[in-house]
**Q** 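Below is a structure I'd like to ask you about.
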Amino acid sequence: DHRDLHSFPTRRSSDLLHDLDYEKYPELHCQKTKEILEENNYPSDWIRSIMSHAYGFTTDIKPETQLEKTLYAIDELTGLITAVALVRPSKKLSDVEVKSVKKKWKEKNFAAGANREVILKGAEMLAVSLDYLIEETIEGMRSVAEKIGL
């Protein structure tokens with residue numbers, strides 16, 4: 001049954017709830033997640049937050065809370081930071097700095113799937129600089145580096 005949380009594939013063990021449906025239903029991203037989470041009695045504020053991270057793509061739910069704005073801002077950014085870490089000789093987040101992310105940011109073909117416009121909109125929504133957002137995201141990712149294999 002597609003509604004069973006355990007039947008959904010994951011790309012890595014570190015994939016999070018907000019991308020539950022992405023691999024199986026990319027064109028309906030977040031729509032299927034909403035159905036699944038509602039059927040599994042997840043809190044409505046969690047569901048709304050998850051829906052809002054696809055604002056402008058597959059949902060029209062604008063991020064309003066700090067949580068929603070943060071998820072919107074860093075969803076794409078974590079992919080970019082991961083790509084930067086993976087091209088480092090060590091393949092470790094401990095070797096990633098804001099300047100290295102900003103350097104790769106300018107290379108449009110590098111991690112081309114990481115939507116830079118969304119990252120910028122997210123920083124604007126949060127009223128923080130891009131550098132600050134990158135720095136805080138790197139630090140957050142470092143706190144779980146072992147779990148995510150970086």
**Q** Test your reading of the model: is there a side-chain donor-acceptor pair from K91 to the backbone of L86, 3.5 Å cut-off?
**A**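 Answer holds: yes.
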
**Q** List, one per line, each side-chain donor-acceptor pair under 3.5 Å for residues 104-126, sequence neighbours excluded.
**A**
unit_1	atom_1	unit_2	atom_2	d
N115	OD1	E117	N	3.0
N115	OD1	V118	N	3.1
R116	NE	W105	O	3.0
R116	NH1	F110	O	3.3
R116	NH1	A111	O	3.0
R116	NH1	A114	O	3.0
R116	NH2	K104	O	3.4
R116	NH2	E107	O	3.3
R116	NH2	F110	O	2.8

**Q** Treating Ile, Leu, Val, Met, Phe, Trp and Tyr as nodes and any side-chain heavy-atom pair under 4.5 angstrom as an edge, say whether L77 and I148 lie in one connected cluster.
**A** yes

**Q** Enumerate, atom names and distances included, each donor-acceptor pair closer than 3.5 Å involving a side-chain atom of residues 130-143, sequence neighbours excluded.
**A**
unit_1	atom_1	unit_2	atom_2	d
D131	OD1	K102	NZ	2.6
T137	OG1	L133	O	2.7
E139	OE2	R142	NH1	2.7
R142	NE	L93	O	3.0
R142	NH2	L93	O	3.3
R142	NH2	V96	O	2.5
S143	OG	G140	O	2.6

**Q** Which atoms form the tightest heavy-atom contact between Y55 and Y72, and what is the distance?
**A** O-CE1, 3.7 Å

**Q** For the atom pair CG (D45) and CD (E68), what is the distance rounded to the nearest 0.5 Å?
**A**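 That separation rounds to 8.5 Å.
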
**Q** Nearest 0.5 Å, please: how far is CG in L37 from OG in S44?
**A** 11.5 Å

**Q** What distance separates D95 CG from L150 CG, expressed to the nearest 0.5 Å?
**A** 11.0 Å

**Q** Does atom NZ of K62 have more than 12 heavy-atom neighbours from other groups under 6.0 Å away?
**A** no

**Q** What closest approach, in Å, do I61 and M51 show between heavy atoms, and which atom pair accounts for it?
**A**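 So the two residues come closest at CD1-CB, 3.5 Å.
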
